[in-house]
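To start, the structure under review is shown below, and the notes come after it.
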Amino acid sequence: MTAEISTHFIHEKIEADLASNKTETIITRFPPEPNGYLHIGHAKAIHLDFGTALKYNGRCHLRFDDTNPAAEDVHYVHAIQEDIRWLGYDWGDHLYWASSYFDQMENYARQLIEKGSAYVCNLSQDEFKSYRGVPTEPGREPPGRALSIHENIALFDQMKKGDLAEGTYVLRARIDMTSPNLHMRDPAIYRIKHAKHHHTGDTYHIYPMYDFAHCIEDSIEGITHSLCTLEFEVHRPLYEWILNELNLYRPQQIEFARLNITYMVMSKRKLLQLVEENYVTGWDDPRLPTLSGMRRRGFTPTAIRNLCTQVGCTKFESLTEIERLEACVRDDLNETSPRAMAVLDPIKLIIENYPENQTEELKIANHPQNESFGTRTVPFTRECYIEREDYMDDAPNKFKRFTVGREVRLRGAYCVICTRVEKNADGKVIALYGNYDPETRGVNPLDGRKVRGTIHWISAAHACDAEIRLYDRLFTTENPLADKTTEFTEFLNPDSLQTIQAKLEPSLAKAAPADRFQFERVGYFCADRDHTSEKTIFNRTLTLRAAKKI
RNA sequence: UGCCCGAUAGUGUAAUGGUAGCACAUGUGACUUUGACUCAUAUGGUCCAGGUUCAAAUCCUGGUCGGGCAACCA
């Protein structure tokens with residue numbers, strides 16, 4: 001695949017480092033914690049990390065940041081790898097685990113203790129809170145600072161052996177309790193956890209904290225540029241302090257803004273809540289911004305990568321309009337999806353001058369601009385389904401579809417003039433009657449009259465019944481998290497999923513799960529993963545770009 | 001009220017002291033056997049105030065507004 005990626009401040013920094021020979025090979029890393037599914041926000045980071053490595057002929061490591069066994073699960077490890085591959089990126093042999101560095105990290109922690117730069121602290125979380133102080137006031141030195149190196153080593157050994165209960169002791173970096181940066185006020189770097197780790201099992205009872213672990217992981221792997229999101233900006237002094245204290249190679253951490261998209265929530269915690277409280281059907285619900293959800297919805301990796309390129313990379317906390325994502329998806333799908341016909345809200349059209357028992361196999365192109373998509377045959381008969389909204393009583397002149405007396409082209413078939421309409425007692429249209437012009441099969445009328453509208457249709461006798469899931473945005477407000485006083489679930493769109501029964505052209509019964517189509521004039525659809533030869537199920541990926549219909 | 005970061009059309013971005021461009025969205029028109037696609041065209045912008053300079057979106061100072069930081073999460 002191509003490394004389509006725009007240039008921005010991070011690449012300027014990289015190019016300067018290359019030019020000054022500070023670095024030779026660019027090495028980045030994508031470091032997910034296996035505690036949830038990847039979403040489109042991660043796609044931005046993946047695109048940046050892997051795309052940058054590709055652009056500069058370097059490499060990108062996939063490293064699972066598995067330092068907290070309480071939250072993590074091997075199930076997520078598999079899902080994350082699948083999603084990254086689906087997006088189109090490959091880490092080759094460079095798969096790493098924070099947990100494989102645990103022994104080294106312990107040694108580094110010991111080094112810190114031995115040089116007096118770390119100590120064991122027995123303060124409870126609440127107690128330490130009062131020692132740490134608040135942003136506007138300096139903290140006080142915790143009593144543990146007075147312990148001898150000997151005592152600290154002994155205590156750390158006990159923590160490691162698993163004799164001590166969780167929460168009783170932590171190892172702290174000894175930095176500066178008066179620092180204006182709270183992260184420098186003796187942060188915890190090791191804590192006791194008796195949980196079973198998905199990768200190391202019961203081997204360890206102590207686990208490193210993010211701030212201690214991450215910089216060491218980067219350093220060990222020789223990462224040149226460690227790209228992360230803005231909230232880690234205030235952690236950078238700590239990242240650098242630890243590696244300096246340990247006299248280790250120091251990668252360059254650079255921060256960029258997260259991706260936010262209107263009508264979506266990107267927080268892992270919020271997504272988990274939507275899944276656990278059954279607001280959606282699972283992590284791969286097509287309404288979710290998870291990569292697995294978007295995949296099931298029918299979005300393409302190309303579209304997502306293009307979006308990432310378009311939004312670029314800055315330090316400005318932006319909110320991207322969902323329309324831009326949708327434009328990327330339509331742009332790709334327009335080029336890559338074969339066309340087909342489906343009637344979502346059927347009414348019958350009876351062509352009275354068409355022979356009663358005749359079936360014609362019409363050859364129709366699968367793509368209007370690309371002949372390589374080939375053709376398919378679609379059966380045509382006297383009775384067809386057409387879309388209810390393709391008929392209107394007393395239609396204005398601009399309405400290019402049926403009204404009594406108006407002639408319309410049936411896509412790929414004949415021109416038909418609507419002669420009368422049949423309604424039930426409530427005035428609801430039950431059927432349309434019309435006559436076709438046998439001379440117009442595939443061509444315009446010979447007499448030169450203009451037929452302005454073209455509509456889609458399905459032969460009633462051959463129609464394939466299908467379940468169609470119409471998805472719409474999950475929330476009704478652009479930024480469901482903006483209002484801090486209202487729970488974001490209050491803004492859930494009650495109509496985000498509508499399931500209907502529709503009529504499809506028979507060729508679609510042969511579709512395989514995940515196959516994508518454009519149902520002409522209706523939208524982009526893909527066969528759901530639940531789709532089988534017995535039960536036809538399609539998801540609506542997106543509608544066609546909304547044009548003003550009369 | 002401590003520290004850190006940021007601010008360019010509605011939105012996302014480019015311009016690296018020298019003509020403020022591009023894309024998405026929106027309006028209008030053309031084409032069309034998809035009211036799609038495509039094409040043309042229009043609307044619309046440098047947070048504010050000073051300063052430096054022949055020249056400032058860009059550099060400096062001060063404001064304003066927005067975001068982040070007080071897990072034994074990452």
Side-chain angles (χ1 to χ4, degrees), chain A residues 6-9 12 31-33 35-36 65-68 70-72 121 123-125 128-129 132-139 166-172 179-185 187-193 206-207 209-211 213-214 228-237 255 257 262 268-269 307 310-328 330-331 334-335 339 341 364-365 368-369 398-401 408-413 415 440 442-444 451-456 518-524 543-550:
Chain A
S6 47
T7 296
H8 41 66
F9 74 103
E12 283 168 12
E33 184 187 15
N35 69 343
D65 213 355
D66 53 350
T67 57
N68 184 3
E72 296 153 11
C121 173
L123 255 25
S124 71
Q125 261 188 91
F128 182 73
K129 220 171 163 174
R132 183 176 43 219
V134 291
T136 48
E137 287 164 34
E166 286 187 21
T168 52
Y169 291 90
V170 293
L171 183 69
R172 292 191 181 284
S179 171
N181 181 344
L182 278 323
H183 296 281
M184 299 298 272
R185 319 243 269 224
I189 57 175
Y190 256 99
R191 79 289 217 190
I192 298 167
K193 276 197 188 288
I206 52 173
Y207 291 89
M209 298 285 292
Y210 167 84
D211 284 310
H214 204 88
C228 61
T229 45
L230 251 27
E231 69 270 25
F232 292 104
E233 218 157 11
V234 285
H235 293 243
R236 189 174 356 114
E255 308 85 12
T262 54
K268 262 191 197 178
R269 230 196 76 235
L307 175 83
Q310 287 180 22
V311 299
C313 186
T314 65
K315 300 192 75 161
F316 177 65
E317 191 78 33
S318 61
L319 181 60
T320 296
E321 291 174 335
I322 197 169
E323 286 82 354
R324 183 175 289 272
L325 201 214
E326 293 174 345
C328 289
R330 288 192 183 102
D331 194 48
N334 177 49
E335 281 183 31
R339 310 292 131 122
M341 291 193 285
I364 299 182
Q369 281 95 30
K398 280 172 132 175
F399 186 78
K400 291 165 46 175
R401 295 162 271 161
V408 164
R409 153 84 54 192
L410 297 189
R411 176 71 160 156
C415 293
T440 55
V443 294
N444 284 322
V451 177
R452 290 187 306 152
T454 300
I455 66 168
H456 55 283
Q518 183 199 102
F519 293 169
E520 285 190 296
R521 305 211 307 132
V522 178
Y524 295 100
T543 60
L544 258 26
R545 195 170 71 96
K548 306 183 302 282
K549 289 195 178 179
I550 300 291

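Bear in mind that the values here come from a model prediction, so they are computed numbers and not experimental data. Below, chains carry the letters A, B, ... as their sequence lines are ordered, and counting in each starts from 1.
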For [X] and [N], give me the distance from atom [atom1] to atom [atom2], rounded to whole Å.
X	N	atom1	atom2	result
Arg401(A)	rA36(B)	CZ	P	12 Å
Glu323(A)	rC24(B)	CD	C1'	8 Å
Arg185(A)	rG2(B)	CZ	P	13 Å
Arg452(A)	rC31(B)	CZ	C1'	15 Å
Ile322(A)	rU26(B)	CD1	P	14 Å
Glu335(A)	rA36(B)	CD	P	17 Å
Arg330(A)	rU38(B)	CZ	C1'	16 Å
Phe316(A)	rG6(B)	CZ	P	12 Å

* Asked: Using Watson-Crick pairs (N1 to N3, plus N6-O4 or O6-N4) and G-U wobble pairs, both distances under 3.5 Å, which stems of at least 3 pairs involve RNA chain B?
  -> B:2-7 with B:64-69, B:10-13 with B:21-24, B:26-30 with B:38-42, B:47-51 with B:59-63
[atom1] spacing across the pair [N] / [M], given as an integer number of angstrom:
N	M	atom1	answer
rG12(B)	rC39(B)	P	25 Å
rC5(B)	rU43(B)	P	40 Å
rG6(B)	rU61(B)	P	14 Å
rU26(B)	rC31(B)	P	22 Å
rA9(B)	rG44(B)	C1'	5 Å
rA20(B)	rU58(B)	P	14 Å
rA14(B)	rA23(B)	P	15 Å
rA71(B)	rG10(B)	P	39 Å

* Structure fact -> Whether each nucleotide of nucleotides 68-74 of chain B has a protein heavy atom under 4.0 Å at its base (B), only at its sugar-phosphate (S) or at neither (-) is summarised, 5' to 3', as BSBSBSB
Phosphate OP1/OP2 of [N] contacted by [X] side-chain N/O (<4.0 Å):
X	N	value
Thr454(A)	rU32(B)	no
Thr314(A)	rU13(B)	yes
Arg545(A)	rC37(B)	yes

Regarding [N], can its base be found pairing with the side chain of [X] as donor and acceptor, where the two atoms are less than 3.5 Å apart?
X	N	result
Gln518(A)	rU34(B)	yes
Gln369(A)	rA36(B)	yes
Arg521(A)	rU34(B)	no
Arg324(A)	rA23(B)	yes

* Asked: When we call it a touch if two heavy atoms are under 4.0 Å apart, what does Val522(A) touch: a base, just sugar-phosphate, or nothing?
  -> nothing
* Asked: At under 4.0 Å between heavy atoms, what does Ile455(A) touch on the DNA or RNA strands: base, sugar-phosphate, or nothing?
  -> nothing
* Going from OG1 on Thr320(A) to CG on Leu325(A), what distance comes out if it is rounded to the nearest 0.5 angstrom? -> 9.0 Å
Are any non-hydrogen side-chain atoms of [X] and [Y] less than 4.5 angstrom apart?
X	Y	answer
Asn334(A)	Tyr524(A)	yes
Ile455(A)	Leu410(A)	yes
Gln125(A)	Val170(A)	no
Val451(A)	Lys400(A)	no
Arg411(A)	Arg521(A)	no
Asp65(A)	Glu72(A)	no
Arg409(A)	Asn444(A)	yes

* RNA chain B: Thr136(A) or Leu410(A), which has the more 5' nearest nucleotide? -> Thr136(A)
* Of Arg236(A) and Val443(A), the one whose closest RNA chain B nucleotide lies more 5' -> Arg236(A)
* Which of parallel (below 30°), tilted (30 to 60°) and perpendicular (above 60°) describes Tyr210(A) and Phe232(A)? -> tilted
* Asked: Syn or anti for rA71(B), with syn set at within 90° of 0?
  -> syn
* To do: Might you point out which heavy atoms bring Cys328(A) and Gln310(A) nearest each other, and give the distance in Å?
  => SG-NE2, 3.6 Å
* **Shortest non-hydrogen contact between Thr262(A) and Ile322(A), atoms and distance** => OG1-N, 2.8 Å
* From the list rG12(B), rC37(B), rC5(B), which nucleotide is the closest neighbour of the side chain of Asn334(A)? -> rC37(B)
* **Under 3.5 Å: donor-acceptor pair, side chain of Arg339(A), backbone of Glu520(A)** => no
